[in-house]
Amino acid sequence: MTLPAWALYPRGVSRPPPPERSPTFGLILGLLVTFAAVLAYSAYMSWQVTGLRKLQTELVDRNRRDSLQLLRIQNDLNLLAVAMRDMVSSDEPYPLTAWSAQFQRIRTDLDDAMRLEATFAPFTRTPEQSAFLTSSFTQFWDATDRVFALAHEGKEQEARKQIQLSLQERQAALSTAVARLLVQNSENEEQAGQRIVQIYDRVRRQVYVFLAATLLAILLNGVSLIRWNRSLFARLAEISERRSELAQKLISTQESTLRYISRELHDEFGQILTAIGSMLRRAGSHAPEGSTLRADLQEVLVTVQTTLESVRSLSQALHPVMLDEAGLESTLDWYIPNVERQTGIAISYEKQGEPFAVDGAAGVHVYRILQEALNNVARHSGAKQAWVRLRFLRDTLELDVEDRGSGFQEKPSRRGIGLVAMRERAELMDGQISFTRPPQGGTLVRLIVPREKAESYGKEDQSVARG
């Protein structure tokens, strides 16, 4: 309790005795103030925790349920895209009416998914967005009914033309709209996370103010609250560390899966298609010259060769076999000219130092980082020229990807998963990655990996796994 101003005297100056006054009122008042402060602060904390619980259960859980339904809708739209591709393909011998039952099943599932998605739609979604999605589906199914009506009337060519001109475009527009809603849900969750952090920060500031303005009991209560807050932040840090570990495990699992699928495509399906091509050539050599059978066999052979090339291209896209067979340096020598041809970007590729063998697992991470960096150059920078520098130094392996494009936004509207994956891959190799703006403008992505890690990364992982 604060003493009255007249109670303060210099040393040696006697004070008159205070008037006889019962301390009961002051003690009761102090006790009431103390209890009021405790109750007020307890009410404040309860309100904040309730708000956090409400934010986490209502907004985050609602977004998650809505995203699951949107993914279900997106999967059905992909099934429709595959079906329409088969319908317009000249290789399919079936009439268009054969796909009617499949479309009806997908339509039933989509209607159910749309009904559930409407119940979980986040509050931030505007009525216009919901109305647009509903009307787009209505227009798509109306166009589908018209196509099948033409097919039932025997107008197969006209129906296929309608699929190419109308249905496929509407399906693509619906897929884009659903993807945007998924992105919006992701942004809502990120905003909710930021709001949670803001609430925690606000609570922490209030704790400090409360400690400065209360008596010993409130001070003790504030100390316990600070410990509680620190425990929460420690838990958040632990969760963040676990998220990083999970991301790294997901990357490793993804690469293993892609490598397995790539090898299966390259070895199994490639050999099967090669064998089919050989059998078709033998069969064609026995067919009479100029016969329709020989022409049909040749047409099938061309289709098999085209499929074989597609399978090989897909295998290389999933996981370049050259990484395992020839190493990182040869893979980059092959990959960079391909990117130049595909994107039209002039890439200047330089190598420095005495090359050393890079472990296959580490080579995959370096390759993926280069791939993501060049994709960002092609998609976002607007640059027509880029520089790739690979340096084999005594203690490190360094990779630079530089352009003179628009560069990174200082405050991007949303954080892309590509940059996060690049950082995680660098951390997997105990390396460092930086994103800077050179004096000439644009973007410089620099990866630095310790040489010992680049040479033995995969071997260490295998030894740990065996242990």
Side-chain angles (χ1 to χ4, degrees), residues 57-92 94-192 379 413-414 416-417:
T57 57
E58 293 185 4
L59 180 59
V60 177
D61 187 67
R62 188 184 183 94
N63 267 356
R64 181 183 62 82
R65 293 175 181 268
D66 184 68
S67 296
L68 289 175
Q69 295 303 319
L70 288 175
L71 289 173
R72 178 183 173 188
I73 294 171
Q74 193 176 61
N75 182 62
D76 287 338
L77 289 173
N78 291 335
L79 293 177
L80 288 174
V82 173
M84 288 187 290
R85 183 197 63 190
D86 294 339
M87 291 170 72
V88 300
S89 175
S90 59
D91 297 334
E92 294 293 339
Y94 308 108
L96 293 181
T97 53
W99 276 272
S100 177
Q102 182 180 357
F103 268 66
Q104 186 58 41
R105 289 194 301 270
I106 296 176
R107 183 174 186 173
T108 301
D109 189 71
L110 273 172
D111 290 341
D112 182 64
M114 285 290 293
R115 178 181 58 80
L116 293 175
E117 195 277 334
T119 61
F120 299 135
F123 301 111
T124 55
R125 184 176 302 172
T126 62
E128 289 78 10
Q129 288 177 313
S130 300
F132 172 78
L133 190 62
T134 303
S135 63
S136 297
F137 270 108
T138 302
Q139 294 172 7
F140 176 83
W141 291 122
D142 290 341
T144 302
D145 294 337
R146 290 194 296 270
V147 167
F148 281 112
L150 291 172
H152 282 293
E153 294 173 5
K155 301 177 181 179
E156 294 276 337
Q157 293 299 328
E158 185 176 353
R160 285 190 172 91
K161 187 175 181 181
Q162 288 296 321
I163 293 173
Q164 292 175 329
L165 297 178
S166 177
L167 281 188
Q168 289 182 336
E169 292 184 0
R170 293 180 185 276
Q171 184 273 336
L174 282 170
S175 296
T176 302
V178 172
R180 287 175 179 171
L181 292 178
L182 283 169
V183 171
Q184 184 179 1
N185 281 359
S186 178
E187 293 175 350
N188 289 339
E189 290 189 10
E190 184 176 354
Q191 292 174 1
R379 295 176 183 175
S413 57
R414 65 176 186 271
I417 191 64

Determine, step by step, whether T108 and R105 satisfy the side chain to side chain contact (heavy atoms under 4.5 Å, CB included) criterion, reporting the C-alpha distance in whole Å, the side-chain angles of both residues, the deciding distance to 0.1 Å, and the verdict.
-> CA-CA 5 Å; T108 301; R105 289 194 301 270; 5.8 Å; no
By salt bridge (charged side-chain N to carboxylate O under 4.0 Å, His left out), which residues pair with R85, not counting sequence neighbours?
->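 Once residues adjacent in sequence are excluded, R85 has no partner under the salt bridge (charged side-chain N to carboxylate O under 4.0 Å, His left out) criterion.
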Give, for atom [atom1] of [X] and atom [atom2] of [Y], the distance between the pair rounded to the nearest 0.5 Å.
| X | Y | atom1 | atom2 | value |
| --- | --- | --- | --- | --- |
| Q162 | M87 | CD | CE | 12.0 Å |
| I163 | W99 | CD1 | CH2 | 8.5 Å |
| W141 | R170 | CH2 | CZ | 13.0 Å |
| L68 | L182 | CG | CG | 10.0 Å |
| L181 | S186 | CG | OG | 12.5 Å |
| D86 | L96 | CG | CG | 11.5 Å |

Tell me if a side-chain donor or acceptor on [X] pairs with a main-chain N or O of [Y] at a distance below 3.5 Å.
| X | Y | result |
| --- | --- | --- |
| E156 | P95 | no |
| T119 | L116 | yes |
| S135 | F132 | yes |
| Q129 | T126 | yes |

I need the minimum non-hydrogen distance between [X] and [Y], along with the two atoms involved.
| X | Y | answer |
| --- | --- | --- |
| F137 | I73 | CZ-CG2, 3.7 Å |
| Q69 | E117 | CB-CB, 3.8 Å |
| A151 | A159 | N-CB, 4.2 Å |
| R160 | V88 | O-CG1, 3.9 Å |

Could you list all the salt bridge (Lys or Arg N to Asp or Glu O under 4.0 Å) pairs where at least one residue sits in residues 66-82, not counting sequence neighbours?
->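 Pairs touching residues 66-82 that pass the test: D66-R125, R72-D109, R72-D112.
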Please lay out, stage by stage, how R107 and T144 fare under the test side chain to side chain contact (heavy atoms under 4.5 Å, CB included).
-> CA-CA 10 Å; R107 183 174 186 173; T144 302; over 6 Å; no
Counting only heavy atoms not in R180, do more than 12 sit closer than 6.0 Å to its CZ atom?
->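 It does not: R180 CZ has 12 such atoms or fewer within range.
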Cut-off 3.5 Å, side chains only: do Q104 and S100 have a donor facing an acceptor?
->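 Side-chain D/A pair, Q104 to S100: absent.
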